[in-house]
Q: 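One structure coming up, written as structure tokens, with questions to follow.
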Protein chains: 2
Amino acid sequence: MNFASDSSRRDKRGLRTDERIHGAIYAAIINHQLHPATPLQEDALAGAFGVSRTIIRKVLQRLAHEKLVVITPNKGARVARPTTEEGRQVFEARHTVESEIVRKVARRHDDRGLERLRAIAAEEMKAQVARDKRRRVQLSGDFHRALADLADNAVLAGFVQELVSRTSLIIALYEVPGAVPCSCDEHSEIIDALAAGDEALAIDRMSHHLRHIESQVDLSQTAGGVDFRSLFAPATGEDG
Amino acid sequence: MNFASDSSRRDKRGLRTDERIHGAIYAAIINHQLHPATPLQEDALAGAFGVSRTIIRKVLQRLAHEKLVVITPNKGARVARPTTEEGRQVFEARHTVESEIVRKVARRHDDRGLERLRAIAAEEMKAQVARDKRRRVQLSGDFHRALADLADNAVLAGFVQELVSRTSLIIALYEVPGAVPCSCDEHSEIIDALAAGDEALAIDRMSHHLRHIESQVDLSQTAGGVDFRSLFAPATGEDG
DNA sequence: TCGCGGCAAGCTGTATACAATGATGTTGAA
DNA sequence: TTCAACATCATTGTATACAGCTTGCCGCGA
């Protein structure tokens with residue numbers, strides 16, 4: 001039962017080169033170390049990771065498919081810069097998919113799984129006390145992913161994975177300055193409802209939680225790339 | 001507003017080489033010209049399309065992201081061979097996502113959009129009369145994609161696109177021989193409910209329609225790759 | 001005859017060289 | 001001085017060469 005039996009080149013953690021590099025860039029984007037619209041030049045990345053552009057291109061294409069990077073032909077890759085409209089759509093999709101996830105988990109009564117969720121929630125509480133924002137954000141994503149994994153549907157879990165990642169970018173761009181960071185016992189309350197098998201309550205709490213996250217970003221801006229047209233519009237009296 | 005203004009190499013239809021090749025292989029898989037598990041050798045494809053392996057690898061990786069192809073490290077690419085469990089999950093995800101799509105479209109009253117759907121349904125009827133099965137399958141997919149496009153959410157529409165493609169593979173593998181092909185006025189009935197703005201009815205009909213499609217495949221088999229682990233498990237008395 | 005080990009062929013993995021494209025700055029003429 | 005055409009440079013796009021992995025074949029020995 002040795003899954004590492006295939007002897008292709010891997011690092012100590014059993015990751016192939018391209019997976020390792022993907023993970024590194026992915027994490028940097030999610031952690032807001034690489035900001036939206038940052039150019040990702042192939043040569044520079046190749047140098048940084050000590051590989052050729054071939055590998056970097058492969059990784060960038062994967063990230064593009066995951067919507068974290070945008071590749072413009074003949075011009076290169078940048079960290080994605082989702083528009084407010086895209087943000088709206090991502091949150092709407094999260095409502096759709098994660099409500100269903102919660103419904104399914106509530107019906108399953110998987111105690112082992114719920115324990116895992118509680119462990120993550122506990123870590124989150126610690127990070128909150130320690131005021132470690134980066135870790136909180138990381139763990140919050142982990143919670144949603146772990147919850148999705150309990151729903152016994154890899155397809156839906158994959159969707160959640162993508163949506164959670166994209167949410168990171170949206171928060172990076174549109175988080176309102178004084179936002180109260182998501183009180184993380186919302187997660188605990190969801191777990192409680194799941195443990196009680198109260199499907200309707202659990203869904204309700206998840207909905208509320210997602211609305212809460214959404215309330216901490218301002219998607220009312222016309223932004224997502226400055227619109228010079230309207231910014232420098234001649235004062236024709238038409239624009240208020 | 002000339003979107004074709006960038007002068008990078010494109011064919012007559014404005015497609016870049018890799019997009020053209022992706023489309024060709026994609027179509028071949030969806031149309032069941034390339035069956036599940038068919039090996040996709042890089043050199044052979046490169047020769048067939050008159051390009052180098054570089055392009056082919058890019059295309060294969062994209063198809064792998066779309067779950068239509070499986071790449072095994074050091075062994076190459078094959079057309080994906082979804083398991084019955086995967087099939088179950090894809091249908092479940094379709095229920096989740098497409099129900100929401102229908103809900104949103106029912107609320108929008110987009111007459112132009114509904115006309116487009118009716119046009120597709122009409123074409124389907126023609127194909128049914130002509131007993132052109134390939135075209136029917138193609139158009140059926142078009143219907144679901146077009147419907148998704150009306151929901152004003154590119155994220156959800158993207159999910160539907162992926163799910164519809166994967167459904168093609170599942171049908172290729174598990175369609176029961178004597179299946180009555182989906183009577184395509186189910187599509188028309190959905191459109192009617194949407195036109196009437198009857199949200200609940202439209203969702204109900206979509207659910208019914210998806211169940212109908214699912215009923216035409218047999219996902220009860222243990223197939224999709226034999227599980228040697230359980231098949232040859234030592235008889236420790238634990239397995240019943 | 002069977003089993004084991006090494007060799008060879010075929011394929012994928014990666015690096016690199018070269019071609020093509022886009023951005024920028026410069027020159028020259030109106 | 002302004003604008004356009006051109007030259008240059010940085011960067012991406014594609015092909016190809018070579019290295020490494022996997023697998024099947026063949027021969028050797030028991």
Side-chain angles (χ1 to χ4, degrees), chain A residues 2-25 34 37-65 68-80 225-226 228, chain B residues 2-25 34 37-65 68-81 225 228:
Chain A
N2 179 11
F3 287 111
S5 63
D6 103 63
S7 63
S8 49
R9 264 172 323 214
R10 298 188 130 95
D11 71 1
K12 44 202 162 191
R13 279 201 300 273
L15 293 169
R16 286 193 316 279
T17 322
D18 56 329
E19 289 176 332
R20 187 173 49 84
I21 296 174
H22 173 271
I25 300 181
L34 285 172
T38 304
L40 301 171
Q41 205 175 300
E42 297 177 358
D43 254 329
L45 288 170
F49 287 104
V51 296
S52 77
R53 282 174 51 215
T54 310
I55 311 280
I56 299 297
R57 297 190 114 240
K58 182 169 162 182
V59 169
L60 289 177
Q61 267 151 29
R62 177 166 166 201
L63 289 165
H65 198 267
L68 296 181
V69 155
V70 171
I71 297 176
T72 312
N74 291 316
K75 295 180 72 181
R78 290 169 174 271
V79 178
V226 184
F228 293 124
Chain B
N2 179 12
F3 287 111
S5 63
D6 99 65
S7 62
S8 49
R9 266 175 322 215
R10 296 189 133 94
D11 71 0
K12 44 203 162 191
R13 281 201 300 274
L15 293 169
R16 286 193 318 279
T17 322
D18 57 329
E19 289 177 330
R20 186 172 51 81
I21 296 174
H22 173 271
I25 300 180
L34 285 173
T38 304
L40 300 171
Q41 204 176 305
E42 298 178 358
D43 255 330
L45 288 170
F49 287 105
V51 296
S52 78
R53 281 174 52 214
T54 310
I55 311 281
I56 299 296
R57 296 191 115 240
K58 182 168 160 184
V59 169
L60 289 177
Q61 268 152 27
R62 178 166 165 203
L63 288 165
H65 284 140
L68 296 181
V69 155
V70 171
I71 297 177
T72 312
N74 291 319
K75 296 181 69 181
R78 289 172 173 269
V79 178
R81 199 180 188 298
F228 293 124

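Lettering follows sequence order; numbering is per chain, from 1. The shown structure was predicted, so the numbers you read here are calculated from the model rather than taken from an experiment. Quick note: numbers below take in every heavy atom, side chains included, and nothing from hydrogens, waters or symmetry partners.
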Q: Considering only C:dT21, C:dA15, D:dA15, which nucleotide approaches the side chain of A:Ile55 most closely?
A: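 The listed nucleotide nearest to A:Ile55's side chain is C:dA15.
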Q: Compare all side-chain heavy atoms of B:Phe49 with those of B:Ile25 and state whether any distance is below 4.5 angstrom.
A: yes
Q: Return the value, rounded to whole Å, for the distance between atom CD1 of B:Ile71 and atom C1' of D:dT22.
A: 17 Å
Q: Is there a side-chain contact (heavy atoms from CB on, under 4.5 Å) between A:Gln61 and A:Ile71 once you walk through the steps?
A: CA-CA 8 Å; A:Gln61 267 151 29; A:Ile71 297 176; 4.0 Å; yes
Q: Give every pair of a protein N or O atom and an N or O atom of nucleotides 6-9 of chain C that lie under 3.5 Å apart, one pair per line with the distance.
A:
none

Q: Do B:Thr38 and B:Arg78 have side chains that approach each other closer than 4.5 Å (heavy atoms only, starting at C-beta)?
A: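 No, too far: nothing below the 4.5 Å cut-off.
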Q: Where along residues 39-49 of chain B does a heavy atom come under 4.0 Å from DNA chain C, residue by residue in number order?
A: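 Correct list: B:Gln41, B:Glu42.
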Q: Rounded to the nearest 0.5 Å, what's the gap from CZ on A:Arg62 to NE2 on A:His65? Could you check?
A: 11.0 Å
Q: How close or far is atom P of C:dT14 from atom CD1 of B:Ile56, stated in whole angstroms?
A: 18 Å
Q: Heavy-atom nearest nucleotide on DNA chain D for A:Thr54 versus A:Gly76: which residue maps closer to 5'?
A: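 On the 5' side of the pair lies A:Gly76.
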Q: Are A:Ile21 and A:Ile55 close enough that some pair of their side-chain heavy atoms sits under 4.5 Å apart?
A: yes
Q: Given that A:Ser52 and B:Lys75 both sit by DNA chain C, which one's nearest nucleotide is further toward the 5' end?
A: B:Lys75
Q: Figure out the CZ/C1' separation between A:Arg53 and C:dA17, and round it to whole Å.
A: 11 Å
Q: Roughly how far, to the nearest 0.5 Å, is the CD1 atom of A:Ile56 from the CG atom of A:Leu45?
A: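 Between atom CG of A:Leu45 and atom CD1 of A:Ile56 there are 5.0 Å.
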Q: Can you tell me how far apart CD (A:Gln41) and CZ (A:Arg53) are? Round to the nearest 0.5 Å.
A: 10.0 Å
Q: Using whole Å, report how far CZ of A:Arg16 lies from P of C:dT14.
A: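 It is 8 Å, rounded to the nearest whole Å.
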Q: Between D:dA15 atom C1' and B:Lys58 atom NZ, what is the distance in whole Å?
A: 13 Å
Q: The side chain of B:Asn74 lies closest to which of these nucleotides: C:dA15, D:dT14, D:dT22?
A: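 Nucleotide nearest to B:Asn74's side chain: D:dT22.
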Q: Could you report the tightest heavy-atom contact between B:Asp18 and B:Lys58, atom names first, then the distance?
A: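 Looking at all heavy atoms of both residues, the closest pair is OD2-CE, 3.0 Å.
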Q: Rounded to the nearest 0.5 Å, what's the gap from CG on A:Leu63 to CG on A:Leu40? Could you check?
A: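 It comes to 8.0 Å.
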